[in-house]
There are 2 protein chains.
Amino acid sequence: MQNVSTRTIGRLCIYRRLLSRLKDEGKTSVYSHELAALSGGSAALVRRDLMAIGYSGTPYHGYVIENLLSSMAAFLDDPQGQQVALVGLGNLGRALLAYFSGRRPHLAITAAFDIDPAKVNRVMHGCRCHAVARLVEVVREKGIQVGVICVPALQAQSIADQLVTGGVRAVLNFAPIRLHLPDGIYVEDLDMTTALEKAAYFARKKTKQNKENRRD
Amino acid sequence: MQNVSTRTIGRLCIYRRLLSRLKDEGKTSVYSHELAALSGGSAALVRRDLMAIGYSGTPYHGYVIENLLSSMAAFLDDPQGQQVALVGLGNLGRALLAYFSGRRPHLAITAAFDIDPAKVNRVMHGCRCHAVARLVEVVREKGIQVGVICVPALQAQSIADQLVTGGVRAVLNFAPIRLHLPDGIYVEDLDMTTALEKAAYFARKKTKQNKENRRD
DNA sequence: ATCTGTGAACTCGTTCACAGCT
DNA sequence: AGCTGTGAACGAGTTCACAGAT
């Protein structure tokens, strides 16, 4: 159950959302080919991904949704829950705060940071905004291990360094630059500018996009 | 100069931003290993990517930044410019509108859509908001080929279908579901929920993330 | 008859390593 | 000596294809 690839983890998160929906719709079991159709992969890929979490389906009856969801939660979630720090409360930062607030009990943004004195000490979407100057201190005190960077490109590296100093082990980076961080720190880039430019490029080509490039 | 992979296109966009910065800093030429260090790849990879656009560097002197930027613009940009339609003016949609407004002359959001009557017909960040009911019509009239989807998951598929009906060839999808679109339509998913969950997962593992998984 | 689990084959993107140039 | 361009080797991730289960 070790050394699962980042691609597989991403797909597991997607399967989980699909399974929740299916459960809500009243389904109790599901076949790999059904999840494949919903998630855009192949049945074999779904089965391999599920192998990673060590849950076995039953031949002919597929996977029992209820049990599979439990196995996934055990595998993907931290039983104590995890806190997230969000840095940069510009338009995007505020949108993210609104989007994630109160959604997942196991994974919540519990600290926000900005340089703007007008925002500091205000509470937005149930989350207190601190001065960036106190970032390392607050992150360390709360034991936060996940950081989200929504600051302009020029400040992103410095913020990332401070997050890591405070004890953060994984960063979700919205700034359009490549962060340089120590080994062992996970970085996930969500570069909207590049994404839009790519889309624009392929809008002009008769793309026979081979399904599997879709990954994010 | 055909059949360039999406990974390569993405990196080309990144190189271009780096090159602009280097140019602003007064540099006139650059080596593949410099771009590699800045972009987080290897020198060989940079050279292969640049081969794709058909620009040749000069041995010993590297690549002439000015010329390379021109070649990239010729390769990546549409000479007439491209318009983008943005659907969904919630927090995220508005943030994107603000973020992209007036930034790139060649690639601008020129139409926005929402169902909320309070938003319809207002102009935000220089962009007019139309009723979703008029989506197909407006997109077709303007000849828009790139769409950005910022609506809730439940409506995303329907919006995507309408965009394609209106003539859109590439979609940037922020909704956390997999869109099902005809072959030849490019889809780029930016799934923030999955991204955050992945980051949370890897924050707990002693990740020896093998550099290259960073892709988006 | 129709599913799962999985070794083996395959694919495609990256890196290696070196010839060619200056 | 130090770079670029590129054939060849490599490797991670995906699909194929089938044995095993019901």
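Just so it is clear: chains get the letters A, B, ... in the order the sequence lines come, proteins before strands, and each one is counted from 1. Both backbone and side-chain heavy atoms feed into the values below; hydrogens, waters and symmetry mates do not.
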Return the polar atom pairs (N/O with N/O) between nucleotides 7-9 of chain D and the protein under 3.5 Å, or none.
residue	atom	partner	partner atom	Å
D/dG7	N7	B/Arg48	NH2	3.2
D/dG7	O6	B/Arg48	NH2	2.6
D/dA8	N6	B/Arg48	NH2	3.0

State which residues pass ring-ring contact (aromatic ring centres under 6.0 Å, His included) with A/Phe113; sequence neighbours excluded, sorted by chain then number.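 A/Phe113 satisfies ring-ring contact (aromatic ring centres under 6.0 Å, His included) with A/His130 only.
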
Applying salt bridge (charged side-chain N to carboxylate O under 4.0 Å, His left out), which residue pairs with at least one partner in [range] are found, sequence neighbours left out?
| range | result |
| --- | --- |
| residues 64-87 of chain A | A/Arg16-A/Asp77, A/Lys23-A/Glu66 |
| residues 37-56 of chain A | A/Arg11-A/Asp49 |
| residues 28-42 of chain B | B/Lys27-B/Glu34 |
| residues 149-159 of chain B | none |

All side chain to side chain contact (heavy atoms under 4.5 Å, CB included) counterparts of B/Thr194, not counting sequence neighbours: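 Applying side chain to side chain contact (heavy atoms under 4.5 Å, CB included) to B/Thr194 gives A/Cys13, A/Ile14, A/Arg17, B/Asp191, B/Lys198.
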
Rounded to the nearest Å, what distance is computed from the [atom1] atom of residue [X] to the [atom2] atom of nucleotide [N]?
| X | N | atom1 | atom2 | answer |
| --- | --- | --- | --- | --- |
| A/Asn3 | D/dA12 | CG | C1' | 12 Å |
| B/Leu68 | D/dG5 | CG | C1' | 15 Å |
| B/Leu45 | D/dT4 | CG | P | 14 Å |
| A/Asp49 | D/dG13 | CG | P | 11 Å |
| B/Arg7 | C/dT11 | CZ | P | 18 Å |

Establish, with yes or no, whether the OP1 or OP2 oxygen of D/dG5 is under 4.0 angstrom from a side-chain nitrogen or oxygen of B/Tyr63.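 B/Tyr63 to D/dG5 OP1/OP2: side-chain N or O found under 4.0 Å.
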
For A/Ser42 and D/dT14, is the shortest distance between a side-chain N/O and OP1 or OP2 below 4.0 Å?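 For A/Ser42, the contact criterion (side-chain N or O under 4.0 Å from OP1 or OP2 of D/dT14) is not met.
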
Show every ring pair (Phe, Tyr, Trp, His ring centres under 6.0 Å) that has at least one partner inside residues 8-37 of chain B, sequence neighbours left out.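 Passing the test, one end in residues 8-37 of chain B: B/Tyr31-B/His33.
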
Within residues 18-35 of chain A: residues closer than 4.0 Å to DNA chain D (heavy atoms):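 None - not one residue of the stretch has a heavy atom sitting under 4.0 Å from the strand.
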
For residues 151-158 of chain A, which side-chain donor-acceptor pairs fall under 3.5 Å, sequence neighbours excluded?
residue	atom	partner	partner atom	Å
A/Gln157	OE1	A/His180	N	2.9
A/Gln157	NE2	A/Asp161	OD1	2.9
A/Gln157	NE2	A/His180	O	3.0
A/Ser158	OG	A/Gln162	NE2	3.1

Please tabulate, for side-chain N and O atoms in residues 91-112 of chain B, each donor-acceptor pair with protein atoms closer than 3.5 Å (sequence neighbours left out).
residue	atom	partner	partner atom	Å
B/Asn91	OD1	B/Arg94	NH2	3.1
B/Arg94	NH1	B/Leu89	O	2.9
B/Tyr99	OH	A/Thr193	OG1	3.3
B/Arg103	NE	B/Tyr99	O	2.6
B/Arg103	NH2	B/Tyr99	O	3.2
B/Arg104	NE	A/Glu197	OE2	2.9
B/Thr110	OG1	B/Gln83	OE1	2.7

Scan nucleotides 17-22 of chain D nucleotide by nucleotide, 5' to 3', and note B when protein non-hydrogen atoms come under 4.0 Å of the base, S if they reach only the sugar-phosphate, - if neither. B--BB-

At their closest point, which heavy atom of B/Val132 faces which heavy atom of B/Ile115, and how far apart are they?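 Nearest heavy atoms, B/Val132 then B/Ile115: CG2-N, 3.8 Å.
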
Touch class at under 4.0 angstrom, heavy-atom based, for A/Thr8 against every strand present: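 The residue A/Thr8 makes no contact with any strand.
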
Please examine the side chains of B/Leu45 and B/Ser42, heavy atoms only from C-beta on, and report whether any two atoms are closer than 4.5 Å.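 A side-chain contact under 4.5 Å exists here.
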
